[in-house]
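What follows is a single structure, written as structure tokens, with notes after it.
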Amino acid sequence: MNRITTRLKELGSDHKKAVVAYIVNGDPRPSTTLSTMHSLVEKGTDIIELGVPFSDPMAEGPVIARGHERALAYHVSLKDCIETVREFRKTNQHTPVILMGYANPIERMGYDAFVEQATSAGVDGVLIVDLPPEESGVLNQKLSKANMSMIFLVAPTTSEERMRKIASEATGFIYYVSLRGVTGAGHLDIDEVQRKLESMREITSLPICVGFGIKDAASAKAISRFADGVVVGSALVKMMGEMENAEDTIIANMVGGLIEEIASGVHTSSEEKI
């Protein structure tokens, strides 16, 4: 088992749900990322999703897209993201880190080079938005040999047949997109999400984490009653963008404070469910 599976099993054994936090590497500037990662963990984050800046982040709403733009202004690359994880691992060997991004940077680096460098740095998994199961076989095999997870997205419109295909290829957990649209869009329909997750559990035994629409402690608490984890991204990136000119430590502390509120909602919900 890698760190993702181990962490989710530990939480499940304790009747707890995972808090997954997404930030963009290099946003609002490269010096902010490492201290923010440590603050997120200190305040209750169980898994970190580190966004790899990309010029055409098609799944992202305007908030996260601007985070990518801020990072790209400093020419932050996939290699930089891997090195950030390497630095993080010097003082944190237990928190899972997933690189979330798009296929182009990985394909430019080359699958073999990417897997080798990511593994040596301590990356635990990848989520590649525009690399569907039908096209991910070669990379998935290489990741599996390196004990890294391949996380896939499931949308509200995903058919049962396709869900089965995704479940057969995924490792670590399945990321359920709770909204039709891009990150940060729309209104979260709790009942619809619950119904969808109930049908998904008939197909897969993998943990299911829910993202796209969880912005505060209340929405996180509601979703965590039936999901294995909640993913928070836009709310964190929005705060980091609004504090662009603040000192790194202030940004890290403020973002950590927001995740602490959200984590408290998840933990309260988990305790009430026991």
Side-chain angles (χ1 to χ4, degrees), residues 2-4 20-41 45 47-60 63-131 139 142-143 146 148-151 183 231 233-234 236-241 243-252 255-256 259:
N2 69 6
R3 274 178 284 250
I4 298 170
V20 184
Y22 170 94
I23 59 172
V24 180
N25 190 90
D27 176 36
R29 53 187 170 270
S31 62
T32 313
T33 302
L34 194 60
S35 58
T36 301
M37 292 172 70
H38 286 300
S39 180
L40 288 170
V41 173
T45 296
I47 299 173
I48 293 175
E49 281 186 0
L50 193 59
V52 179
F54 187 57
S55 58
D56 185 22
M58 63 188 74
E60 317 301 350
V63 169
I64 292 181
R66 283 193 289 269
H68 282 248
E69 291 173 0
R70 290 190 293 267
L72 288 172
Y74 291 93
H75 307 287
V76 176
S77 66
L78 173 59
K79 183 178 179 180
D80 294 324
C81 297
I82 292 172
E83 290 307 309
T84 296
V85 179
R86 195 183 306 279
E87 287 297 312
F88 180 72
R89 288 285 175 239
K90 290 180 178 179
T91 53
N92 185 314
Q93 286 291 325
H94 63 275
T95 302
V97 178
I98 298 165
L99 294 183
M100 181 174 179
Y102 297 83
N104 183 269
I106 294 176
E107 292 180 349
R108 286 192 63 188
M109 179 178 286
Y111 287 169
D112 288 331
F114 169 72
V115 173
E116 180 182 355
Q117 293 179 36
T119 302
S120 68
V123 175
D124 302 291
V126 298
L127 197 170
I128 306 174
V129 177
D130 55 347
L131 193 67
L139 178 58
K142 294 179 183 296
L143 292 171
M148 291 174 61
S149 294
M150 187 82 164
I151 314 298
T183 54
V231 185
S234 294
L236 303 179
V237 176
K238 181 175 184 290
M239 175 176 282
M240 296 177 81
M243 301 182 65
E244 182 176 2
N245 296 320
E247 295 180 3
D248 292 344
T249 53
I250 295 175
I251 294 174
V255 172
I259 210 68

key: side chain to side chain contact (heavy atoms under 4.5 Å, CB included) assessment of L131 paired with M150   = CA-CA 11 Å; L131 193 67; M150 187 82 164; 4.0 Å; yes
request  = State which residues pass ring-ring contact (aromatic ring centres under 6.0 Å, His included) with Y22; sequence neighbours excluded, sorted by chain then number.
outcome  = none
Taking side chain as C-beta onward, heavy atoms only, is [X] less than 4.5 Å from [Y]?
X    : Y    : value
V52  : N25  : no
L50  : V85  : yes
S149 : N2   : yes
I4   : M148 : no
P105 : K79  : no
L34  : K90  : no

query = side chain to side chain contact (heavy atoms under 4.5 Å, CB included) between H68 and S55: does it pass, once the steps are laid out?
reply = CA-CA 7 Å; H68 282 248; S55 58; over 6 Å; no
query = Looking only at side chains, do D248 and T32 share a donor and an acceptor under 3.5 Å apart?
reply = yes
ask   = Just checking, any donor-acceptor pair under 3.5 angstrom between side chains of T33 and D27?
value = no
query = Side chain of S39, backbone of A252: donor and acceptor closer than 3.5 Å?
reply = yes
message = Checking the side chain of T84 only, and the main-chain atoms of D80 only, is there a donor and an acceptor separated by less than 3.5 Å?
response = yes
message = List the residues meeting salt bridge (charged side-chain N to carboxylate O under 4.0 Å, His left out) with D130, not counting sequence neighbours, and say none if there are none.
response = none
key: Criterion side-chain contact (heavy atoms from CB on, under 4.5 Å) against I23, the qualifying member of T45, T36, I259, I64   = T36
remark   = dist S120:OG -> R86:CZ (nearest 0.5 Å) comes out at 4.0 Å
key: From I250 atom CD1 to S35 atom OG, the distance as rounded to the nearest 0.5 Å   = 11.0 Å
Restricting to non-hydrogen atoms, name the atom on [X] and the atom on [Y] that form the minimum distance, rounded to 0.1 Å.
X    : Y    : result
P53  : C81  : CD-SG, 3.7 Å
V76  : G26  : CG2-CA, 4.0 Å
V129 : A59  : CG1-CB, 3.5 Å
V24  : G67  : CG1-O, 3.9 Å
E244 : P28  : CG-CB, 3.8 Å
R70  : V237 : NH2-O, 3.5 Å

key: Qualifying salt bridge (charged side-chain N to carboxylate O under 4.0 Å, His left out) pairs with a residue from residues 102-124, counting only residues at least two apart or across chains   = R3-D124, R89-D124, D112-K142
key: Test side chain to side chain contact (heavy atoms under 4.5 Å, CB included) applied to L78 and L99, step by step   = CA-CA 9 Å; L78 173 59; L99 294 183; 4.2 Å; yes
inquiry  = Enumerate the ring pair (Phe, Tyr, Trp, His ring centres under 6.0 Å) contacts for residues 89-123, please, sequence neighbours excluded, ordered by first and then second residue.
reply    = F54-Y102
query = Is E247 atom CD crowded by more than 12 heavy atoms from other residues, nucleotides or ligands, each under 6.0 Å away?
reply = no
ask   = Sequence neighbours excluded, which residues qualify as side-chain contact (heavy atoms from CB on, under 4.5 Å) partners of E69?
value = R66
query = Does T95 have any side-chain contact (heavy atoms from CB on, under 4.5 Å) partners at least two apart in sequence or in another chain, and if so, which?
reply = V41, I48, F88, N92
message = Checking I128 against I106 for the side chain to side chain contact (heavy atoms under 4.5 Å, CB included) test, could you report, in this order, the C-alpha distance in whole Å, the side-chain angles of both residues, the deciding distance, and whether it holds?
response = CA-CA 9 Å; I128 306 174; I106 294 176; 3.5 Å; yes
